[in-house]
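Notes follow once the structure below has been shown.
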Amino acid sequence: MFDGISCGRLALERVGLPVEQYDAFEIDRYAITVSKKNFPDIVHHGNVFDGDFQKFQGYDLLLGGSPCTYWSVAKQNRETTTDGMGFQLFMEYVRALKESQCRYFLYENNNSIHQNIKQEISKRLGVEPIMINSALVSAQNRKRCYWTNIPHVTQPEDQGILLKDVIEDAIPWQDKSYCMTARYSGAVISNTLERKQRTMVAVPVYGAAQRGRCLDTGQTKQYLELRDDEKSNCLTTVQKDSLICKPVRIGAYGKGGQGQRIYSVVGKSITLSANGGGQGAKTGLYKMDLPDGDYIIRKLTPVEAERLQTLPDNYTEGISNTQRYKCIGNGWTVDVIAHILKGLI
């Protein structure tokens, strides 16, 4: 139900549970494109309102998470009672569970939905929600509630994965990203710095070249020469004439906390913290070896966004980046679902 890009199928595969048949209800054509690319054997049925779920009697598992758009705290005048479209969509999940008589079920939704809604979901499904933050198994803060009758569900162990572990060529402003949402494609720097959403990362831009300079002794010594105008050097047939330099975290001491990290001075300092202290005073320590430079702030790449959801690299490749971000933001953190599904083993 509400299959999206089939994160549930991927989680089943990841945990090693064999799948004889997987049927999906989804209406977003871009999500379906991604699903078909990765799992051509999935049978797609379209709109949940048109579903005849009695034909699925004998199936073992019902997965789903109805759209939280109508219940989200980001939506003005969000629904807080059971008389809106949000609850109608959820009731299709309930209908599917009753008609199919699946042995096990797993339903997911946002932790921030109104308590009235949470209570009604619990009442209809007969179980209380388990809140799991994706931060335990990924580099993303993402609190979600899971209603399930799968046994032995516990909190995952913290894997210690940070944002720096998933980005490709940039410097993170924080240890964990903000929650990946379907609207990430419209991210700007103020979202991150002021509204605490839609994580941005900093990419250093230094045009540089490796030059050989003649010394007074007659010897030639190689130097790294940086530009200060944010331009690259002229492209030539010599590869070292046009290089890119970036700030590098070159070490740490102690536990490697924010005040214990050591950086090259190429680039701006990391964000200052009001909670000063430690040898690095919450700014980090800097090795003085190269002149200062500038950052360009950029959005996460689609691959980095996939890594936040513990998807394989390029899982959503084949549609536009805008749609990739949307599909990823609407999806599940696969390793959280896999952790829950382990109870079926």
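Excluded from the calculations below are hydrogen atoms, water molecules and symmetry mates; all remaining heavy atoms, backbone and side chain alike, are included.
The minimum heavy-atom distance linking Gly160 with Asp158 is given by the pair N-OD1, 2.8 Å. Of all heavy-atom pairs between Leu308 and Val166, the closest is CD2-CG2, 3.9 Å. Across all non-hydrogen atoms, the minimal contact from Cys7 to Gly331 is SG-CA, 4.2 Å. Nearest approach of Lys164 to Ile167, heavy atoms of both residues: O-CG1, 3.9 Å. Here the closest non-hydrogen pair linking Met1 and Glu92 is CE-O, 3.4 Å. Nearest heavy atoms, Asp52 versus Lys55: O-CG, 3.2 Å.
Ion pairing between a basic and an acidic side chain is recognised when a charged N comes within 4.0 Å of a carboxylate O; Glu306 and Arg324 show such pairing.
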Are Asn110 and Cys145 close enough, and set up right, to give a side-chain contact (heavy atoms from CB on, under 4.5 Å), and what steps lead you there? CA-CA 6 Å; Asn110 202 313; Cys145 284; over 6 Å; no
- request: Could you walk me through whether Gln309 and Trp332 pass side-chain hydrogen bond (donor to acceptor under 3.5 Å, both in side chains), step by step?
  value: CA-CA 7 Å; Gln309 290 284 55; Trp332 282 343; over 6 Å; no
Quick one: do Lys118 and Asn109 satisfy side-chain hydrogen bond (donor to acceptor under 3.5 Å, both in side chains)? Show the steps, please. CA-CA 9 Å; Lys118 285 185 181 179; Asn109 220 293; over 6 Å; no
- Query: Do Asp3 and Asp23 pass the side-chain contact (heavy atoms from CB on, under 4.5 Å) test, and can you show the C-alpha distance, the side-chain angles, and the key distance before you say yes or no?
  - Reply: CA-CA 9 Å; Asp3 185 59; Asp23 292 76; over 6 Å; no
Should Glu99 and Gln57 be marked as a side-chain contact (heavy atoms from CB on, under 4.5 Å) after you check the CA-CA gap, both sets of side-chain angles, and the distance that decides it? CA-CA 7 Å; Glu99 291 183 8; Gln57 289 185 7; 5.8 Å; no
- Message: If you apply the rule ring-ring contact (aromatic ring centres under 6.0 Å, His included), what do you find for His44 with Phe39, and how did you get there?
- Response: CA-CA 11 Å; His44 290 269; Phe39 299 103; over 10 Å; no
Full working for side-chain contact (heavy atoms from CB on, under 4.5 Å) between Tyr146 and Val153: CA-CA 10 Å; Tyr146 301 91; Val153 178; over 6 Å; no
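Proximity of a side-chain donor or acceptor of Asn149 to a complementary backbone N or O of Phe105 within less than 3.5 Å is detected. Between the side chain of Lys176 and the main chain of Ser138, a donor-acceptor pair closer than 3.5 Å is present. In terms of modelled atom types and a separation under 3.5 Å, the side chain of Asp50 and the main chain of Gly46 share no donor-acceptor contact. A side-chain donor-acceptor contact under 3.5 Å links Arg95 to the backbone of Val48. Judged by distance alone, the side chain of Lys342 and the main-chain N or O of Val15 form no donor-acceptor pair under 3.5 Å. Using a distance-only test at 3.5 Å, with no hydrogens or angles considered, no donor-acceptor pair links the side chain of His114 to the main chain of Arg78. Looking only at distances, a side-chain donor or acceptor of Glu304 sits under 3.5 Å from a matching main-chain atom of Thr301. Side-chain N or O atoms of Glu26 include one that pairs as donor or acceptor with a backbone N or O of Asp28 at under 3.5 Å. Using a distance-only test at 3.5 Å, with no hydrogens or angles considered, no donor-acceptor pair links the side chain of Asp175 to the main chain of Leu162. Between the Gln54 side chain and the Ser100 main chain, no donor and acceptor come within less than 3.5 Å of each other.
Annotation: side chain of Pro151 is in contact with side chain of Tyr104 (closest heavy-atom distance under 4.5 Å). Looking at heavy atoms from C-beta onward, Val34 lies out of side-chain contact with Ile32 at the 4.5 angstrom threshold. Contact check for Gln159 versus Leu136: no side-chain heavy atoms found under the 4.5 Å cut-off. In this structure the side chain of Ile132 never reaches within 4.5 angstrom of the side chain of Lys143, judged on heavy atoms. At least one side-chain heavy atom of Arg9 sits less than 4.5 Å from a side-chain heavy atom of Val19. A 4.5 Å side-chain heavy-atom check between Val336 and Arg144 finds every atom pair outside the cut-off. Looking at Phe49 and Leu89, their side chains come closer than 4.5 Å, going by heavy atoms from C-beta outward. The shortest side-chain heavy-atom distance between Glu108 and Pro129 does not fall under the 4.5 Å cut-off.
Environment of CD in Glu157: sparse, with no more than 12 heavy atoms of neighbouring residues, nucleotides or ligands closer than 6.0 Å. When the shell of 6.0 Å around NZ of Lys36 is examined, it contains 12 or fewer heavy atoms from other residues, nucleotides or ligands.
Classification of the Phe87-Trp71 ring pair by plane angle, with boundaries at 30° and 60°, yields tilted. Tyr93 and Phe90 have parallel rings, their planes meeting at less than 30° on a 0 to 90° scale where 60° marks the start of perpendicular.
Residues forming a salt bridge (charged side-chain N to carboxylate O under 4.0 Å, His left out) with Glu79 (at least two apart in sequence, or on another chain): none.
Going from atom CD1 of Ile121 over to atom OG of Ser66 covers 6.5 Å, rounded to the nearest 0.5 Å. Rounding to the nearest 0.5 Å places CD1 of Ile161 at 11.5 Å from CD of Gln140. How far OH of Tyr22 is from OG of Ser35: 7.0 Å, rounded to the nearest 0.5 Å. Going from atom CG of Leu62 over to atom NZ of Lys98 covers 13.0 Å, rounded to the nearest 0.5 Å. Here the straight-line distance linking atom CG of Leu125 with atom CG of Leu97 works out to 7.0 Å at 0.5 Å rounding. In this structure, OG1 in Thr310 is found 13.0 Å from NE2 in His339, a value given to the nearest 0.5 Å.
Both Ile328 and Ile319 are part of a single hydrophobic cluster, where members link through side-chain heavy atoms under 4.5 Å apart. Using a 4.5 Å cut-off between side-chain heavy atoms of Ile, Leu, Val, Met, Phe, Trp and Tyr, with links allowed through other members, Trp147 and Ile340 fall into different hydrophobic clusters. In the hydrophobic clustering of ILVMFWY residues, with side-chain heavy atoms under 4.5 Å counting as a link, Phe2 and Met85 come out together. Criterion: ILVMFWY side-chain heavy atoms under 4.5 Å apart, direct or through other members. Under it, Tyr59 and Val43 are not part of a common hydrophobic cluster. Linking Ile, Leu, Val, Met, Phe, Trp and Tyr whenever their side-chain heavy atoms come within less than 4.5 Å puts Val334 and Leu344 in one cluster.
Partner Ile337 forms a side-chain contact (heavy atoms from CB on, under 4.5 Å) with one of Asp335, Leu341, Thr333 and no other, that one being Leu341.
Aromatic pair Phe53/Phe25: ring centres closer than 6.0 Å.
With no hydrogens or angles considered, no side-chain donor-acceptor pair links Gln323 and Asn321 at under 3.5 Å.
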All N/O donor-acceptor pairs, side-chain side in residues 177-186, below 3.5 Å, sequence neighbours left out:
{"from": "Thr181", "atom 1": "OG1", "to": "Arg183", "atom 2": "N", "distance (Å)": "3.4"}
{"from": "Tyr184", "atom 1": "OH", "to": "Thr199", "atom 2": "O", "distance (Å)": "2.7"}
{"from": "Tyr184", "atom 1": "OH", "to": "Leu300", "atom 2": "N", "distance (Å)": "2.4"}

